[in-house]
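In this text, all values refer to a predicted model and were calculated from it rather than measured experimentally. Residue numbers start from 1 in every chain, and the chains themselves are labelled A, B, ... in the order their sequence lines are given, proteins ahead of strands.
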Amino acid sequence: MRMSSLFLRTLRDDPADAEVTSHKLMVRAGLIRRVASGIYSWLPLGNRALRNVAQIVREEMDDAGAQEVTLPIAQPLDLWKQSGRDDAYGQMMFRVKDRKDNWYAMAPTAEEVVTTLVAGEYSSYRDLPVNLYQINWKYRDELRPRFGLLRAREFLMKDAYSFDADLAGLQASYDLMFHAYSQVFSRCGLTFRAVKAQSGEIGGDTSQEFMAVAAIGEDAFVWCEQCDYAANTEAATRRPTPEQVVPDQPPREVVHTPAMPGIDAVADHLGTTPDLLMKSIAFDVDGELVLVLVPGDREVNEYAVAGICAPAKVRLYTDADFDGHPEIPKGYIGPDFAGAARTLADSSLRAPHAWVTGANEADHHARNMVLGRDFTPTAWNEIVQVEAGDKCSSCGSPLRIDRGIEVGHVFQLGDKYSRALGAVYTDDAGAEHPMVMGCYGIGVSRILSAVIEEHHDDGGICWPAAIAPYQVHLVVIPGRGDNSAEVSAAAEQLYSDLRAREIDVLFDDRDVSPGVKFADADLLGMPVQVTIGAKGLARGVVERKIRATGDRDELALDVALDALTGH
RNA sequence: CGGGAUGUGGCGCAGUUUGGUUAGCGCGCAGCGUUCGGGACGCUGAGGCCCCGGGUUCAAAUCCCGGCAUCCCGACCA
């Protein structure tokens, strides 16, 4: 492609509405342009990179035995009512109405459509397993789109759906996808980790997220340096604390702590530290009061509480709840509160010392509260948010915390959708069963953001070759000397030869100053830059620069073609 | 949805507090000339519903009311 005719305008200044590096660079390098909040036009260079990512995904999915289909973006809302997800998605879903007043959802995902499709075609165990995927635009009306393509309202996603006869089959399908995903992200040049995840709105049991490690990532995850344990902080747990004997303690004592509902104030007042205090957090669980007990220096992982209490609905007590129950002394609740239906304790409360807790009376705390003597929880669990340095639940080594961009997610769904939408099969004994499903997503457009976050420098993008819009950026600097025509001719020849060998080459044949060409080449970030100029050509050489490393060398003109094409 | 901010040629911004000639600067764009290996320089020029709708006023980019859009923090989230 000749830059003289490429639809491209690079920008010197960062766009005012971009916050993160990848977003700024994508706009400056002319990959995308904003059309509306979270909705972008893809310009030629961006479109090529996007297509390259999609192709990698396609190849790996095909290799794993999945079959590509294209499912509708406009989906009858009735389907979503059948699965119950019309309400579940709520405002997240774009809805459109046709001229006959029928409502459609603009696909945020496609479980309903694909399950209905398979249900209509397959009905025997002989048909299974099958795995269908598509690479298609998805729509989510995010409360707050941000960071360019990282949280967009229109985005390209690969979604795959596996249908198996039983759980063993599902596990096999899942493992295939897991492996394919690892291949995809490796090929895209991402540093990533697969982490245990909460499954969110999709529903289901086992799920793992693929996180591209990035400081600007929206999700935090913990990982173990010694073993392969890794989990989203929502799903992470630390090693349980074993039961221990608490040495003899003085009797429970109530102390006056006026206007001190906060941990730090109480600790200061009593001359102790927050880790020796115990918090009793009130939750509403299907209308019942459940207390969750954690050390004063730790936060409750509400996802863990929800998991323990499922399928009951869990929510933190609000000020309105407390206002409606004056007998519950907010800020002064203790583990022995008589009004609690249950108390769930984090296992770290088995520590061999007494606790300072609320005294279940406004403005009073109790000290020397001893487990087994003064209070006994209903159940022990791992309920605190894991922090760096906590012990790994698998091997006991210290855990670390990083942030990441969720670029992929694999779920073992089970039969939630197959039951709701009638995807059943007959086994060899003639009995009917719901198919067992898995679903697997990759954020194709989001990958571009993640890749640029990882591969850039002050000058611009440093594309990994696998997804670069072009492999070679050929720059000609004809100069004004006697041989400028000769330089141009040599560049034209090399351009033509590279194309003849099917190398994707971007040829900067513009009549602009050398500085502009070099700066644009760095900004656009093709893996290899080749410069043909009067000085080098006089010595029979062209200059090669590897964008990512900055390494430069010279190639004799007569071998340049072979060197650049790997021959 | 709560809090904060912004909206002025394609992009980045000044001007708004204290209303008043022709709305200005940098980049980009067009023409001419000089320059030509790391975002060159000079001259000339084109390009503006000053977000939209009301209102106040002799006069509104500027003041008032209403709306919309965009961004940031929070809540939420495959």
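- Between the side chain of A/Arg552 and the base of B/G38, at least one donor-acceptor pair of N or O atoms lies under 3.5 Å.
- The separation of B/C49 from B/A30, taken at their C1' atoms, amounts to 25 Å, rounded to a whole angstrom.
- Pairs passing the salt bridge (charged side-chain N to carboxylate O under 4.0 Å, His left out) check and including a residue from residues 67-81 of chain A, sequence neighbours excluded, read A/Arg58-A/Glu68.
- Rounded to a whole Å, the CG atom of A/Asp508 is 13 Å from the C1' atom of B/G38.
- The residue A/Glu19 sits close only to the backbone: its heavy atoms come under 4.0 Å of sugar-phosphate atoms, none of a base.
- At the heavy-atom level, A/Phe155 lies under 4.0 Å from base atoms of the strands shown.
- Backbone-only contact: A/Met92 has heavy atoms under 4.0 Å from sugar-phosphate atoms and none from a base.
- Donor-acceptor pairing under 3.5 Å, judged by distance alone, is absent between the side chain of A/Arg140 and the base of B/C77.
- Atom-to-atom, OH of A/Tyr40 to C1' of B/U70 comes out at 11 Å; the value is rounded to the nearest Å.
- Annotation: B/A14 and B/U57 have their P atoms spaced 32 Å apart (nearest Å).
- Atom P of B/C63 sits at a distance of 12 Å from the matching atom of B/G15, rounded to the whole Å.
- The side chain to side chain contact (heavy atoms under 4.5 Å, CB included) with A/Lys279 is formed by just one residue from the set A/Val294, A/Val292, A/Val300; it is A/Val294.
- Spacing of P atoms, B/G55 relative to B/U70, comes out at 27 Å, to the nearest Å.
- Closest to the side chain of A/Arg34, from the set B/C72, B/C77, B/C71, is B/C71.
- Figure legend. B/A60 is base-paired to no nucleotide; pairs are counted as Watson-Crick or G-U wobble with both atom distances under 3.5 Å.
- Checked against a 6.0 Å centroid threshold, the rings of A/Tyr317 and A/Phe322 count as neighbours.
- If you take atom C1' in B/A61 and the same atom in B/U8, they sit 7 Å apart, rounded to whole Å.
- Across the protein-nucleic acid pair, A/Arg480 atom CZ and B/C36 atom P stand 8 Å apart, rounded to whole Å.
- Between the CG atom of A/Asp509 and the C1' atom of B/C36 there is a distance of 17 Å, rounded to whole Å.
- At a cut-off of 3.5 angstrom, the base of B/G39 holds no donor-acceptor pair with the side chain of A/Arg510.
- Listed candidates were B/C11, B/G37, B/U70. Nearest to the side chain of A/Leu11 is B/C11.
- At a threshold of 4.5 Å between non-hydrogen side-chain atoms, the residues A/Asp62 and A/Tyr133 count as touching.
- A salt bridge between A/Arg2 and A/Asp508 is absent, with no side-chain N of the basic residue lying under 4.0 Å from a carboxylate O of the acidic one.
- Using a 4.0 Å heavy-atom criterion, one finds that A/Gly441 contacts no nucleic acid atom at all.
- B/A75 is unpaired under the criterion used here, namely a Watson-Crick or G-U wobble arrangement in which both key atom distances are under 3.5 Å.
- Between A/Tyr181 and A/Tyr440, the ring-plane angle classifies as perpendicular under the 30° and 60° cut-offs.
- The shortest distance between the side-chain N/O atoms of A/Ser484 and the OP1/OP2 oxygens of B/C36 is not below 4.0 Å.
- Checking B/G12 for Watson-Crick or G-U wobble geometry (two distances, each under 3.5 Å) identifies B/C25 as its partner.
- Between A/Asp17 and A/Arg34 a salt bridge is recorded (basic side-chain N to carboxylate O distance below 4.0 Å).
- Counting non-hydrogen atoms under 4.0 angstrom, A/Glu543 reaches a base of the nucleic acid.
- In this structure B/A5 sits in a base pair with B/U70, meeting the Watson-Crick or G-U test at under 3.5 Å.
- At whole-Å resolution of the value, CD1 in A/Ile477 and P in B/C36 are 13 Å apart.
- As a whole-Å value, the separation of A/Lys24 NZ from B/C72 C1' is 13 Å.
- Between A/Pro478 and A/Ala18, the residue anchored nearer the 5' end of RNA chain B, judged by the nucleotide with its closest heavy atom, is A/Pro478.
- Using a 4.0 Å heavy-atom cutoff across all strands shown, A/Arg33 reaches no nucleic acid atom at all.
- In terms of polar N and O atoms assigned as donor or acceptor, the side chain of A/Asp522 comes within less than 3.5 Å of the base of B/G38 in a complementary pairing.
- Nearer to the 5' terminus of RNA chain B, by closest-nucleotide assignment, is the contact made by A/Ala16 (compared with the other of A/Asp219 and A/Ala16).
- Between B/C36 and A/Ser513, no contact under 4.0 Å exists linking OP1 or OP2 to a side-chain N or O.
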Give me the distances for all protein-to-nucleotides 23-28 of chain B N/O pairs that come in under 3.5 Å?
from  : atom 1 : to      : atom 2 : distance (Å)
B/G28 : OP1    : A/Arg12 : NH2    : 2.8

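- Per the geometry, CZ belonging to A/Phe147 stands 12 Å off P belonging to B/C71, to the nearest Å.
- Within the 4.0 angstrom heavy-atom criterion, base atoms lie near A/Gly536.
- With 3.5 Å as the limit, one finds no donor-acceptor pair spanning the side chains of A/Arg95 and A/Tyr139.
- Between B/C77 and B/G66, the distance separating the two P atoms is 33 Å to the nearest Å.
- Between the CG atom of A/Asn232 and the P atom of B/C77 there is a distance of 12 Å, rounded to whole Å.
- With B/C71, B/G39, B/C36 as the choices, the nucleotide that has an atom nearest any side-chain atom of A/Thr10 turns out to be B/G39.
- Between A/Tyr229 and A/Trp223, the distance separating the two ring centers is not shorter than 6.0 angstrom.
- OP1 or OP2 of B/C77 has at least one side-chain nitrogen or oxygen of A/Tyr303 nearer than 4.0 Å.
- Between A/His23 and A/Tyr40, the angle of the ring planes goes over 60°, which puts this pair in the perpendicular group of the 30/60° scheme.
- In this entry B/A46 has no Watson-Crick or G-U wobble partner, no candidate having both defining distances under 3.5 Å.
- B/C27 and B/U56 are spaced 39 Å apart, taking the C1' atom of each and rounding to whole Å.
- With distances taken from any side-chain atom of A/Arg151 to the nucleotides B/C77, B/G74, B/C36, the minimum falls on B/C77.
- Using Watson-Crick or G-U wobble geometry with both donor-acceptor distances under 3.5 Å, B/U18 finds no partner in any strand shown.
- A donor-acceptor pair shorter than 3.5 Å cannot be found between the side chains of A/Asn301 and A/Gln385.
- B/U17 and B/G33 are spaced 47 Å apart, taking the P atom of each and rounding to whole Å.
- For B/C41, the paired nucleotide is B/G33, the pair qualifying as Watson-Crick or G-U wobble because both relevant distances are below 3.5 Å.
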